[in-house]
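Reading through the structure tokens given below for one structure.
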Amino acid sequence: MKKIVILGGGYGGVLTAKKLAKKFKNDKEVEIKLIDKNPYHTLLTELHEVSANRAPEDSIKIDLKKIFAGLKVDVVLDEIKNIDFSGKKLASEKATYAYDYLVIGTGSKPTFFGIPGAEENTFPFWSYDDAVALKRQIRDMYTKAAKERDAAVRRSMLTFVIIGAGFTGVELVGEMAEQRDELCKEFFIDPSEVRLIVADMAPKVLPILPDKLIQKAEQRLKKLNVEIVTGAKITEVGEGSVALGEKNVVDSHTIVWTAGVEGSELVGTLNDVQQQGRKRIMTNEHLESVDHKNVYVVGDNIFFIPEGETRPVPQMVENAEQAAPVIANNITADIKGTAKKAYKPGFHGTMVSIGSRYGVANVGLPGKLFMLTGFMAMLSKHFINMFYLSQVVGFNKVWTYMMHEFFHVENRKSFVGGYFSRRSPNFWLVPLRMLLGGMWLYEGIDKLRKIWDDPNKIFLIPAPPNATDAASSASQAVDAVKDTVDAQSAASAVSTAKEAVQALWVPGWIYDITNWFMDLMFYNNDGTYTFLAKWFQIGMVCAEIVLGVMLIVGLFTAIASIATIGLAVMIWSSKMASTEMLWYVGAAIACIGGSGSVFSLDYYVLPWLKKQWKKIPLVRRWYLFTD
């Protein structure tokens, strides 16, 4: 039995474990174990959304057991304190874990560069707990400031300083700037009293981006009334103040540290591996530790300079995404004795959001990047996020992400504004749903009566094109319209035999396809109908009745609404739909999105079915459900 242990449930650890599970899914001689101190994977790139209350707290957490449901990965909740490389063992306070192959992906933690008071007097911003703590601190300061009568104390309560003007700091201050007006309105505070500062020792914000994008980012920050302090040496952080340079001391109750990271606590204690660049483990081109050939490194813990480069791979999500399959391949190669792959990353750029509706991005193909701003930059950021989530928890998390980013968003805090996010109670749609169902039911019963009287009468399909009697053809067409729409519109559609049908316009190519299908299925060569025509008509009538009942009682309402649109499209494509059909389609579209959640059987049936659906192994494995 070969034992593979992945240490850390971050981006790199999760993706490596999933790749290994796929490679060894049918191999009983391989055991895969992932160990993390938390039962969830954190979306670290979305921390700022939680801190500024744009997204709910649980939106950035993904249950590790859900990620690996149905996969050959054993999730263990424990905090490893020591690694014995020679003995191939991991040790915690309560257990010991043996391994044959180890993947270290414990991530990073903030580094304070030895600045006096920085660690003790700032809010770190590098974990789920940090984001939640800052969210509460921000609201707490507004709450207390609203009651504070001492002007100096009130001013320090409403001064927020973010140390670090890289991606994390800029994204955070942008979100806080958007949140400011909401909190000021809630607590009756003049927005001019709130001071937001982003400071850095570097000469400019977001130094990794091209100057043109830096200028755009600075313009956006200034538009949001954010003070930018660059080239300022942070000399000391006191309890309630920070020195931004020699003479600029700012009083603040909320100082957030986003200025840099170093290797995790565990990696910092390891003596048996070579480290460089703020406690990162040195690896070779196979991402193996240069000291231990059975130990691989993923994500932020990697220190590796690719061939032709002068700097090590960056500590960013895409580095973890690209390293994971290489490590999975190389461990597989170790076990099976095949060739290993070298790590040759090709990064696709970077992007940063400044609030919920604006961003800057430098993205594209390796070696050919394009600068984007505003809507397009935010679109690229959301696309990349959803692509990553599709790899981790598939449809389930992509759906959840879309809900909290586009649809369930308050105060128009979405890059598409409020067009998708403004909601009203679903019970207003109930009368429309019942009316739509009643109309389809009435049409179906009326047609069923005609079929009952004469089962051989075909009126839902146009007359055969080779019918000899043109007048008879026109008469049948009139009957078809009359039976497809209400009697009044059918009567107005008939003026002369030459102008028998006045139906909605249909593009020629669509009508040609419909004709081809009807010629194939419904018409004989002698100008008569086939036996399929009769059963198709009966099926259509039964569908109208069944769908009408489903809409009235609210059973599988969304499916029934979509199906009625399908019926309407079929009728339209054969040039047998009057303008009233537009009403049917419009009402059906309105009823798709939630009219079945109140005064309906869906209220009881769907939760039960959803519970049973999630128990199916295949569904859990492929995440084909929503929470």
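Quantities reported herein were computed from a predicted structural model and do not represent experimental measurements.
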Original post:
Do I234 and I163 have side-chain heavy atoms sitting under 4.5 Å apart?
Top reply: yes

Subject >> Expected output: side-chain E178 to main-chain S356 donor-acceptor under 3.5 Å >> reply: yes

Original post:
Between atom CE of M157 and atom OG1 of T143, what is the distance when rounded to the nearest 0.5 Å?
Top reply: 10.5 Å

Original post:
If we only count heavy atoms from C-beta on, is the V170 to L172 side-chain gap below 4.5 Å?
Top reply: no

Original post:
Are Q322 and F347 close enough that some pair of their side-chain heavy atoms sits under 4.5 Å apart?
Top reply: yes

Original post:
Can T350 and N362 be said to form a side chain to side chain donor-acceptor pair (under 3.5 Å), step by step?
Top reply: CA-CA 5 Å; T350 51; N362 192 36; 5.4 Å; no

Show which side-chain atoms of residues 205-217 pair as donor or acceptor with protein atoms under 3.5 Å away, not counting sequence neighbours.
from: D211; atom 1: OD1; to: K204; atom 2: NZ; distance (Å): 2.9

Subject >> Any Y401 side-chain heavy atom under 4.5 Å of H382 side chain >> reply: yes

**OP:** Find out whether K33 and I6 are in side-chain contact, i.e. whether some heavy atom of one side chain is under 4.5 Å from a heavy atom of the other.
**Re:** no

Original post:
Atom OG1 of T254 and atom CG of L134: how far apart are they, to the nearest 0.5 Å?
Top reply: 7.5 Å

Original post:
Centroid-to-centroid, F407 to F420, below 6.0 Å?
Top reply: yes

Subject >> Short N-O contact, E79 and K81, less than 4.0 angstrom >> reply: yes

Original post:
More than 12 non-hydrogen atoms from neighbouring residues, nucleotides or ligands closer than 6.0 Å to CD on E57, yes or no?
Top reply: yes

Original post:
What heavy-atom pair brings G596 and T557 nearest, and what distance separates the two atoms?
Top reply: CA-OG1, 3.2 Å

Original post:
To the nearest 0.5 Å, how far apart are CD in Q137 and OG in S51?
Top reply: 11.0 Å

Original post:
Does anything in residues 225-240 pair up under side-chain hydrogen bond (donor to acceptor under 3.5 Å, both in side chains), and if so which pairs, sequence neighbours excluded?
Top reply: R195-E227

Original post:
Stepwise, does the side chain to side chain donor-acceptor pair (under 3.5 Å) test hold for S156 with D251?
Top reply: CA-CA 5 Å; S156 65; D251 293 330; over 6 Å; no

Original post:
Counting N and O atoms only, with roles assigned by atom type, does the side chain of E318 sit under 3.5 Å from a partner on the main chain of H348, one being a donor and the other an acceptor?
Top reply: yes

**OP:** Measure from NZ or CZ of K610 to the centre of the six-membered ring of F625 and say whether it is under 6.0 Å with the direction within 45° of the ring axis.
**Re:** no

Original post:
Could you give the distance from CD1 (I197) to OG (S252), rounded to the nearest 0.5 Å?
Top reply: 7.5 Å

**OP:** Take atom NZ of K144 as the centre, draw a 6.0 Å sphere, and report whether it contains more than 12 heavy atoms from other residues, nucleotides or ligands.
**Re:** no

Original post:
Judged by atom type as modelled, is there a donor-acceptor pair below 3.5 Å linking the side chain of N121 to the main-chain atoms of G117?
Top reply: yes

**OP:** Heavy atoms only: give me the nearest H404-V409 pair and the separation to one decimal.
**Re:** O-CG2, 3.4 Å

Subject >> Non-hydrogen atoms of R620 and A69 that approach each other most closely >> reply: NH2-CB, 3.8 Å

**OP:** Assess the pair F427 and F599: is the distance between their ring centroids shorter than 6.0 Å?
**Re:** no

Subject >> V392 side chain near K397 side chain, heavy-atom distance below 4.5 Å >> reply: no

**OP:** Write down the atom of P607, the atom of D602, and the distance for their closest heavy-atom approach.
**Re:** CD-O, 3.4 Å

Original post:
Backbone N or O of E193 within a donor-acceptor pair of the D190 side chain at under 3.5 Å?
Top reply: no

Original post:
CG/L221 to NZ/K223 distance, rounded to the nearest 0.5 angstrom?
Top reply: 12.0 Å

**OP:** Drop me the distance from Q179's CD to K413's NZ, to the nearest 0.5 angstrom.
**Re:** 5.5 Å

Original post:
Within a reach of under 6.0 Å around CZ of R220, are more than 12 heavy atoms found that belong to other residues, nucleotides or ligands?
Top reply: yes

Subject >> Distance-minimising heavy-atom pair for V261 and S108 >> reply: CB-CB, 3.8 Å

**OP:** Have a look at T106 and tell me which of L266, V298, V297 forms a side chain to side chain contact (heavy atoms under 4.5 Å, CB included) with it.
**Re:** L266

Subject >> Closest contact, heavy atoms only, A361 versus S380 >> reply: CB-OG, 3.9 Å

Original post:
Hey, are the side chains of E186 and R139 touching, using non-hydrogen atoms and a 4.5 Å cut-off?
Top reply: yes

Subject >> Check: D129/S127 side-chain N/O donor and acceptor closer than 3.5 Å >> reply: no

Original post:
So I189 and R154, side-chain contact (heavy atoms from CB on, under 4.5 Å) or not? Walk me through it.
Top reply: CA-CA 11 Å; I189 294 172; R154 179 183 173 95; 4.0 Å; yes

Original post:
Is a side-chain donor or acceptor of S92 paired with a backbone partner of K94 at a separation under 3.5 angstrom?
Top reply: yes

Original post:
Is the backbone of A131 close enough, under 3.5 Å, to the side chain of W126 for a donor and an acceptor to pair up by distance?
Top reply: no

**OP:** List the steps and the verdict of side-chain contact (heavy atoms from CB on, under 4.5 Å) for Q391 and L15.
**Re:** CA-CA 8 Å; Q391 299 179 77; L15 290 175; 4.1 Å; yes

Original post:
Can you tell me if D200 uses its side chain to pair, donor with acceptor, with the backbone of A165 under 3.5 Å?
Top reply: yes

Original post:
Going by distance alone, is a donor N or O of one side chain under 3.5 Å from an acceptor N or O of the other, for S597 and N426?
Top reply: yes

**OP:** Taking the six-membered ring for Trp and the single ring otherwise, decide whether the centroids of W257 and F125 are under 6.0 Å apart.
**Re:** no

Original post:
Mind checking whether V250 and S241 have side chains closer than 4.5 Å, heavy atoms only?
Top reply: no

Subject >> side-chain contact (heavy atoms from CB on, under 4.5 Å) between Y296 and T283, intermediate numbers included >> reply: CA-CA 8 Å; Y296 291 83; T283 74; over 6 Å; no

**OP:** Can you establish whether the number of heavy atoms outside F387 located under 6.0 Å from its atom CZ is more than 12?
**Re:** no

Original post:
Among F383, Y358, F406, which one satisfies ring-ring contact (aromatic ring centres under 6.0 Å, His included) with F415?
Top reply: F406

Original post:
So F160 and F123, ring-ring contact (aromatic ring centres under 6.0 Å, His included) or not? Walk me through it.
Top reply: CA-CA 11 Å; F160 302 88; F123 288 85; 9.8 Å; no

Without placing hydrogens or testing angles, list every side-chain donor-acceptor pair under 3.5 Å for residues 35-50, not counting sequence neighbours.
from: D36; atom 1: OD1; to: N38; atom 2: N; distance (Å): 2.8
from: D36; atom 1: OD2; to: G9; atom 2: N; distance (Å): 2.6
from: H41; atom 1: ND1; to: G9; atom 2: O; distance (Å): 2.8
from: H41; atom 1: NE2; to: Y388; atom 2: OH; distance (Å): 2.8
from: E46; atom 1: OE2; to: N385; atom 2: ND2; distance (Å): 3.1
from: H48; atom 1: ND1; to: T45; atom 2: O; distance (Å): 3.4
from: E49; atom 1: OE2; to: R54; atom 2: NH2; distance (Å): 3.2

Subject >> Salt bridge present between E262 and K109 (N-O < 4.0 angstrom) >> reply: yes

Original post:
Are Q275 and R280 close enough, and set up right, to give a side-chain contact (heavy atoms from CB on, under 4.5 Å), and what steps lead you there?
Top reply: CA-CA 5 Å; Q275 299 182 21; R280 297 166 70 180; over 6 Å; no

